[in-house]
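Sending over a structure as C-alpha cells; questions will come in a sec.
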2 protein chains.
Amino acid sequence: MARTAGSDGEKTEAAIRAAALRLMARHGFEAVSMRQLAAEVGVQAAALYRYFPTKEDLLYTLMRAHMEGLIASWEAARPASGNAAAQLSAFVENHIRFHVARRHSTHVSNMELRSLSHERLTHILRLRGAYEKELRQILRSGADAGTFHIEDTALTAMAIIQMITGVIVWFRPGERLSVEEVADTYHTMTLRLVGAPA
Amino acid sequence: MARTAGSDGEKTEAAIRAAALRLMARHGFEAVSMRQLAAEVGVQAAALYRYFPTKEDLLYTLMRAHMEGLIASWEAARPASGNAAAQLSAFVENHIRFHVARRHSTHVSNMELRSLSHERLTHILRLRGAYEKELRQILRSGADAGTFHIEDTALTAMAIIQMITGVIVWFRPGERLSVEEVADTYHTMTLRLVGAPA
DNA sequence: GCCATAATTAAACGTACGTTCTATTAATTA
DNA sequence: TAATTAATAGAACGTACGTTTAATTATGGC
C-alpha cells in the first residue's frame, strides 16, 4: 500500500501533534518510540518524517507552540491599565486557565527540556524568561506603589510561578473543585503571599 | 580481567547510587544506559547487576531512600510541641534544607515516577502521601486555633509543597542567596500565604 | 482521462539497549 | 598454603530504536 484513501497532510500533522503530547505527557519523551507514536496515529513510522525531520524537532515544535501560546494568551488577557493587584490577579487566572486547559502540553514543556539540544533549549528558556519577566514587573510595580510587601522580587516570582503551575499536578477537571474555584483560591493565596491588603 | 585490586562491594554500590543520581538527574532515567552508568562508576555494565537486579530496581531503591530520608528528617526536626506557626516554620525549613542538600535525588524522585511499575509507584506515592498529611494536619490545627485563615486545606497544602519544592529548580548554592536566606524568605511567604499574623 | 504531486507503505540499515552467561582474579578463611 | 567466596570482566543474545530509501497509491487541476 501507499497513499491511503482520504489522507490529508494537515489532519495527519494535527493528529501527530495531539498523539505526541498525549503519549509524551504520560510516558515521557524518551520512552515514546516513533513506532508507538505512529501506531497511535494509525500510520507507519516513516510517515512521521514527512512532517518532522527528527524526533527532537517534533518535541521542539510542541514546546515552542506551548510557550508562544502562553505568551499570546497573557498578552490578550493583560489589563490595559489597572493597579498591580488587578494585574497580578489577571496573571494568576490566565496562567491557571491556560495550563489546566493544556495538561499534556504543560507536562511535556515542563519535563522534557533536557531532551532539547543546547541551542533549542536556549530558545525555549528565553521565551520562558520573557514570560516570567512580566510577573516580576507586576511585583515590582506593586512594591513601588506600596501595595505589595516583597522581600525579593525574583524569588517571589519563582515561588508564585511554581505554586500556580503545580495546579496541574493534582487538579482533575470534574472532581471536587471547578477551575473557577481553584483559580479563585489561588488568586486569594497569591495576594496574601505578596502582602496585599485583603 | 576479573576482580580488580581493591574492589569492595559496599564502595561500589555507593558509587553506583551516587553516579545514578547524578546522571539520571541530568539526563533522565530513560536516557541513561546501564553502560553509561557503569562507565561513570569505572566498571563494566554486568557488574551493576550484582547490586541491582534490574534498572528499575535501581530507580526504586533510590526513590525509596529519598522519601524515607525525607520522612525521617521531618520526624527528627518536628517540634515536640508549639503552635501551628512554629510547626509550619519547621516544616518549611526542613523541607527546603533537605531538598537543597539533595538536588539530584530530588530531581529523580520528582521526575521519574512514571518509570516505576504500578506496584512500586503506589508504594512511593503512599510515602509521599504520608508526608503531605503532616502538612495538612499543621494547617488544620492552625485553622482550628484561629491562627491561620485557610480556604481549602488540601489545596493550600499542595500549593505550599509545590512552592517550597520548586526552590531546587532555580536555587544554586554559592550564588546570590544562601540557604538560610532562601529558607527564611520562603518561611515568611508561607506564613503570609496561610494568613498568619506577622 | 491524464498527469503532476501529495501522502503513505514496506523493508531495510546500523546502532544501542537491558540483561545473561561464563570465565577469571582478588580477598578471606581455615 | 590451600580452599572458598566475593567482585568483576568480556562476550554474547535478542530486541527495539531512530531514521532512510524506494516503491506505490490517492488526489486535484487541466
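As the structure is a prediction and not an experimental result, all values here were calculated from the model. For the numbers below, each heavy atom of this structure counts, side chains included, while hydrogens, waters and symmetry mates do not. Below, chain A is the first sequence line, B the second, and so on; all start at residue 1.
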What's the CG-C1' distance between L48(B) and dA7(D), to the nearest Å?
->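 Checked: the CG to C1' distance equals 12 Å.
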Does a nitrogen or oxygen in the side chain of S33(A) sit under 4.0 Å from OP1 or OP2 of dC17(D)?
-> yes
Would you say the side chain of Y131(A) lies within less than 4.5 Å of the side chain of L70(A), judging by non-hydrogen atoms?
->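 Of all side-chain heavy-atom pairs linking Y131(A) with L70(A), at least one is under 4.5 Å.
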Residue K55(A), side-chain atoms from C-beta onward, closest of dT9(C), dA9(D), dG18(D) |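 Of the candidates, dG18(D) comes closest.
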Which residue, A45(A) or M34(B), contacts DNA chain C at a nucleotide closer to its 5' end, judged by nearest heavy atom?
-> A45(A)
Would you indicate whether the side-chain heavy atoms of T61(A) and R64(A) approach each other to under 4.5 Å?
-> yes
Check each residue of residues 19-29 of chain A for a non-hydrogen atom within less than 4.0 Å of any atom in DNA chain D, then write out the ones that pass by number, or none.
->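 The stretch gives none, as no residue of it lies under 4.0 Å from the strand.
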Please tell me if the side chains of H66(A) and F98(A) come closer than 4.5 Å, counting only heavy atoms from C-beta onward.
->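 Sidechains of F98(A) and H66(A): in contact.
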Quick one: is dG10(D) close enough that its OP1 or OP2 comes under 4.0 Å of any side-chain N or O from Q44(B)?
->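 So the side chain of Q44(B) is within the cut-off, an N or O lying under 4.0 Å from OP1 or OP2 of dG10(D).
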So which nucleotide does dA30(C) pair with, by the Watson-Crick or G-U wobble rule with both distances under 3.5 Å?
-> dT1(D)
Whole-Å distance, L58(B) CG to dG18(C) P, equals 11 Å
Candidates dA12(C), dT21(D), dT19(C) - which lies nearest the side chain of R35(A) = dA12(C)
Most 5' of V43(A) and R50(A) on DNA chain C, judged by nearest nucleotide | R50(A)
Nearest whole angstrom, please: distance from the P of dA16(C) to the CG of L37(B).
-> 18 Å
Decide yes or no for Y51(B) and L58(B): does some side-chain heavy atom of the first lie under 4.5 Å from some side-chain heavy atom of the second?
-> no
Go through residues 59-66 of chain A and report each residue with a non-hydrogen atom lying under 4.0 Å from DNA chain C, sorted by number.
-> none
Which heavy atom of L139(B) sits nearest a heavy atom of F148(B), and at what distance?
->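 Closest approach of L139(B) to F148(B), heavy atoms only: O-CD1, 3.8 Å.
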Expected output: side-chain T147(A) to main-chain A143(A) donor-acceptor under 3.5 Å |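 Side chain of T147(A) to backbone of A143(A), a donor-acceptor pair under 3.5 Å: no, none is there.
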Name every residue in residues 112-124 of chain A that has at least one heavy atom under 4.0 Å from any atom of DNA chain D, in order of residue number, or write none if there are no such residues.
-> none
Is there a donor-acceptor pair under 3.5 Å between the side chain of R103(B) and the backbone N or O of V169(B)?
-> no
Starting at atom NZ of K11(B), determine the distance to atom C1' of dA26(C), rounded to an integer number of angstrom.
-> 14 Å
Take atom CD1 of I16(B) and atom P of dA7(D), then tell me their distance rounded to the nearest Å.
-> 11 Å
Could you check which of dT21(D), dT19(D), dT19(C) has an atom nearest any side-chain atom of T54(B)?
-> dT19(C)
Do the charged groups of R114(B) and E30(B) touch, with an N to O distance under 4.0 Å?
->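 So R114(B) does not pair with E30(B) through a salt bridge.
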Start with the C-alpha gap between H27(B) and Q36(B), add the side-chain angles, then the distance that decides, and say whether side chain to side chain contact (heavy atoms under 4.5 Å, CB included) holds.
-> CA-CA 11 Å; H27(B) 307 292; Q36(B) 183 187 358; 3.9 Å; yes
Interatomic distance, E30(B) CD vs dC17(C) P [rounded to whole Å] | 12 Å
Would you say Y51(B) reaches dT8(D)'s phosphate, i.e. side-chain N/O to OP1/OP2 under 4.0 Å?
->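 Result: yes.
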Atom CD of Q36(B) to atom C1' of dT15(C): distance rounded to whole Å?
->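 Between C1' of dT15(C) and CD of Q36(B): 15 Å.
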Ion pair present between R97(B) and E180(B), side-chain N to carboxylate O less than 4.0 angstrom?
->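 Between E180(B) and R97(B) there is a salt bridge, with a charged N closer than 4.0 Å to a carboxylate O.
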Just wondering, do H107(B) and I168(B) contact through their side chains at under 4.5 Å, heavy atoms?
->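 I168(B) reaches H107(B) side chain to side chain.
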Grab the CD-P distance between E13(B) and dT8(D) for me, whole Å please.
-> 11 Å
Sugar-phosphate, base or nothing in reach of V32(A), heavy atoms under 4.0 Å = sugar-phosphate
State whether R50(A) and E13(A) are salt-bridged, where the test is any N-O pair (Lys NZ or Arg NE/NH1/NH2 against Asp/Glu carboxylate O) under 4.0 Å.
-> no
Salt-bridged, R176(A) to E181(A), with N to O below 4.0 Å?
-> no
Picking from dT8(D), dT20(D), dA7(C), the nucleotide nearest the side-chain atoms of T12(B) would be dT8(D)
